[in-house]
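Quick caveat, the model's predicted, so the values are computed rather than measured. Below, all heavy atoms of this structure are taken into account, side chains as well, without hydrogens, waters or symmetry copies. Starting from 1, each residue takes its place in the sequence as its number. Counting starts at 1 for both ligands and their atoms, following the listed order.
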Amino acid sequence: MEKRELKNHMENLVDETLEEYLKNKTNICQCERCIMDIKAKALNKLPAHYVATDRGYIFGKIEKMRTQFNVDVLKAVIEAVDVVSKNLRHD
Ligand SMILES: [Zn+2]
């Protein structure tokens, strides 16, 4: 039997959304530390969405979630970027 694990798919959505959002933002620090801060802040505002991983099945789930949470995810990401970029914890 294949090993399964639980994944919070909100993390994938935040990853994708953040990457897209920061593409053309050269005025925002995109070091690992800031990116992690941004992700943590965004994820804390969003509902966790756990699914048991199982190849194939999982992709349909992600697609469904994508449309369902798009606006909320983008909003949380923008807010998180704003907060982190105004409170840089390093030079
Ligand atoms: Zn930084």
**Student:** Kindly write out the residues that satisfy side chain to side chain contact (heavy atoms under 4.5 Å, CB included) with A40, not counting sequence neighbours, or none if the list is empty.
**Tutor:**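 Not a single residue meets the side chain to side chain contact (heavy atoms under 4.5 Å, CB included) criterion with A40.
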
**Student:** Quick one: list whatever passes salt bridge (Lys or Arg N to Asp or Glu O under 4.0 Å) with E20, sequence neighbours left out.
**Tutor:**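 For E20, the residues satisfying salt bridge (Lys or Arg N to Asp or Glu O under 4.0 Å) (neighbours in sequence not counted) are K23.
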
**Student:** Quick one: side chain to side chain donor-acceptor pair (under 3.5 Å) partners of K25, sequence neighbours excluded?
**Tutor:**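 K25: no side chain to side chain donor-acceptor pair (under 3.5 Å) contacts found.
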
**Student:** Enter the distance from E79:CD to I38:CD1 here, rounded to the nearest 0.5 Å.
**Tutor:** 13.0 Å

**Student:** Inside 2.8 Å of the Zn ion (ligand 1) but strictly below it, how many protein N/O/S atoms are present?
**Tutor:**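 Protein heteroatoms (N, O, S) closer than 2.8 Å to the Zn ion (ligand 1) number 4.
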
**Student:** Please report the interatomic distance NZ(K45) to NZ(K75), rounded to the nearest 0.5 Å.
**Tutor:** 8.0 Å

**Student:** Got a second to check how far L13's CG is from L46's CG, nearest 0.5 Å?
**Tutor:**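 Rounded to the nearest 0.5 Å, the CG-CG separation comes out at 9.0 Å.
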
